[in-house]
Colleague: 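Take a look at the following structure, please.
In the text below, chain A, chain B and the rest are named by the order of the sequence lines, each starting its count at 1.
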Protein chains: 2
Amino acid sequence: MQPNAYTGACPTRVVLDRIADKWAVLILGLLAEGPMRFNSLRRSIERLSQKVLAQTLRRLERDGLLTRTAFPTVPVTVEYALTPLGRTLAETVDALRLWAEAHITEVQAAQRAYDGRGLVMPDA
Amino acid sequence: MQPNAYTGACPTRVVLDRIADKWAVLILGLLAEGPMRFNSLRRSIERLSQKVLAQTLRRLERDGLLTRTAFPTVPVTVEYALTPLGRTLAETVDALRLWAEAHITEVQAAQRAYDGRGLVMPDA
DNA sequence: CTGGATCCTCAACGATACTG
DNA sequence: CAGTATCGTTGAGGATCCAG
């Protein structure tokens, strides 16, 4: 039996819910370029609270997508890096971010057209 | 100035938030294979309520990713179809679903390993 | 520096009922 | 068939403080 995300009971649904997530996309996109520390990630992603960052990192770690390495320095240094599995996903989700950045103008134009429908009378 | 999803103020962030969405991914995945009607979509995606489906469809329509066509039959028939812009996105987001379905086993294994860390003593 | 614990708020969602 | 409207709940997330 194949996994099927359209089936409600399939565990795939839970995974999809986690990776189809704005913050996960941005985090994986950063880590694709190399390991990073907690505060470095926090500063790189504006409006991402420390709580949600910690939450998201722990979930991604649990899913085997990244590793958390603590170095016994003072104060402690923690580094996050993609696993091989995470690397296969990073390319996929980064494509999502790139799509958004590439097509933002078209989307905004569509939004203006939608919001203005019926409010103007073209050539009538 | 390039759009940058890591910048909090960038409109790209809003778009990313919308397309990095479980339901949007599943809807676009279905429409990639051809136009569909409302209740057909609803039945095809388990646990998706009619309210959230309507909401998501309207947002995707506003973003110029799909079209809504109502046929004056009795009762009314409404068909949803991808726009050319939506088609460029559908492939990208469908890759997300396919990744989830392809790697679910590895993710679940990682989850078990994570949840069981420290609870067993390997070969000690 | 890297978080965990707490409190609080608001918005998303399910359920339900109704309409063209 | 294809939705809109309303209500009630819940849980995600911001803010803040504290600790190893």
Side-chain angles (χ1 to χ4, degrees), chain A residues 8-9 13-27 30-31 34-63 66-81 114-115 117-118, chain B residues 5-6 8-9 13-27 30-31 34-63 66-81 114-115 117-118:
Chain A
R13 187 65 76 79
V14 182
V15 176
L16 182 60
D17 204 18
R18 192 148 304 151
I19 64 181
D21 169 70
K22 177 175 52 177
W23 303 125
V25 166
L26 294 175
I27 291 171
L30 284 176
L31 292 182
M36 275 207 187
R37 309 212 350 230
F38 188 88
N39 274 331
S40 179
L41 284 167
R42 177 148 170 48
R43 279 190 304 268
S44 299
I45 307 178
E46 295 183 14
R47 296 190 192 174
L48 170 56
S49 74
Q50 155 244 62
K51 177 183 176 178
V52 172
L53 174 57
Q55 249 178 36
T56 308
L57 285 173
R58 250 173 288 118
R59 287 201 276 241
L60 293 176
E61 183 194 2
R62 186 174 108 96
D63 289 346
L66 54 82
T67 58
R68 177 187 182 279
T69 310
F71 299 96
T73 53
V74 178
V76 63
T77 299
V78 178
E79 193 175 83
Y80 292 91
Y114 185 94
D115 294 343
R117 74 199 191 290
Chain B
Y6 290 99
R13 188 63 78 77
V14 182
V15 177
L16 182 60
D17 203 18
R18 191 146 304 151
I19 64 181
D21 168 68
K22 177 176 51 175
W23 303 125
V25 166
L26 295 176
I27 291 170
L30 284 176
L31 292 182
M36 274 208 190
R37 306 202 5 218
F38 186 88
N39 276 328
S40 178
L41 284 166
R42 178 147 169 48
R43 279 189 304 269
S44 299
I45 307 178
E46 295 184 13
R47 295 190 193 176
L48 169 57
S49 73
Q50 153 240 63
K51 177 183 176 178
V52 173
L53 174 58
Q55 249 177 37
T56 307
L57 285 173
R58 245 172 284 120
R59 287 200 276 241
L60 293 176
E61 183 193 1
R62 186 174 108 97
D63 289 345
L66 55 82
T67 59
R68 177 187 182 278
T69 311
F71 299 96
T73 53
V74 178
V76 64
T77 299
V78 177
E79 195 174 82
Y80 291 92
Y114 184 93
D115 294 342
R117 73 199 189 288

Colleague: Are the side chains of D17(B) and R13(B) in contact, using a 4.5 Å heavy-atom criterion?
Modeller: no
Colleague: 5' to 3' on DNA chain C, which nucleotides open and close the contacts with chain B (atom under 4.0 Å from a heavy atom)?
Modeller: dC13(C) to dG20(C)
Colleague: Give the residues of residues 13-25 of chain B touching DNA chain D, defined as any heavy atom closer than 4.0 Å, sorted by residue number.
Modeller: none
Colleague: What is the bend of the helix from dC1(C)-dG20(D) to dG20(C)-dC1(D) when you compare the axis at one end with the axis at the other, using five pairs each and rounding to 10°?
Modeller: 60°
Colleague: Starting at atom CG of L53(A), determine the distance to atom C1' of dA12(D), rounded to an integer number of angstrom.
Modeller: 16 Å
Colleague: Round to a whole Å and report the spacing from CD of Q55(A) to C1' of dG13(D).
Modeller: 8 Å
Colleague: What residues in residues 66-81 of chain A put a non-hydrogen atom under 4.0 Å from any atom of DNA chain C?
Modeller: R68(A), P75(A), V76(A), V78(A), Y80(A)
Colleague: May I ask you to verify if any side-chain N or O of R58(B) is less than 4.0 angstrom from the OP1 or OP2 atom of dT4(D)?
Modeller: yes
Colleague: By salt bridge (charged side-chain N to carboxylate O under 4.0 Å, His left out), which residues pair with R62(B), not counting sequence neighbours?
Modeller: D115(A)
Colleague: Apply side-chain contact (heavy atoms from CB on, under 4.5 Å) to V52(B) and list each qualifying residue two or more places apart in sequence or on a separate chain.
Modeller: W23(B), L48(B), S49(B), T56(B)
Colleague: Without decimals, in angstroms, what is the distance between N39(B) CG and dC1(D) P?
Modeller: 5 Å
Colleague: Flag the pair L26(B) / L41(B) as yes when at least one side-chain heavy-atom distance between them is below 4.5 Å, and no otherwise.
Modeller: no
Colleague: In whole Å, I'd like the distance from the CD atom of E46(A) to the C1' atom of dG14(D).
Modeller: 17 Å
Colleague: Quick one: is R37(B) getting a side-chain N or O under 4.0 Å of the dC1(D) phosphate, OP1 or OP2?
Modeller: no
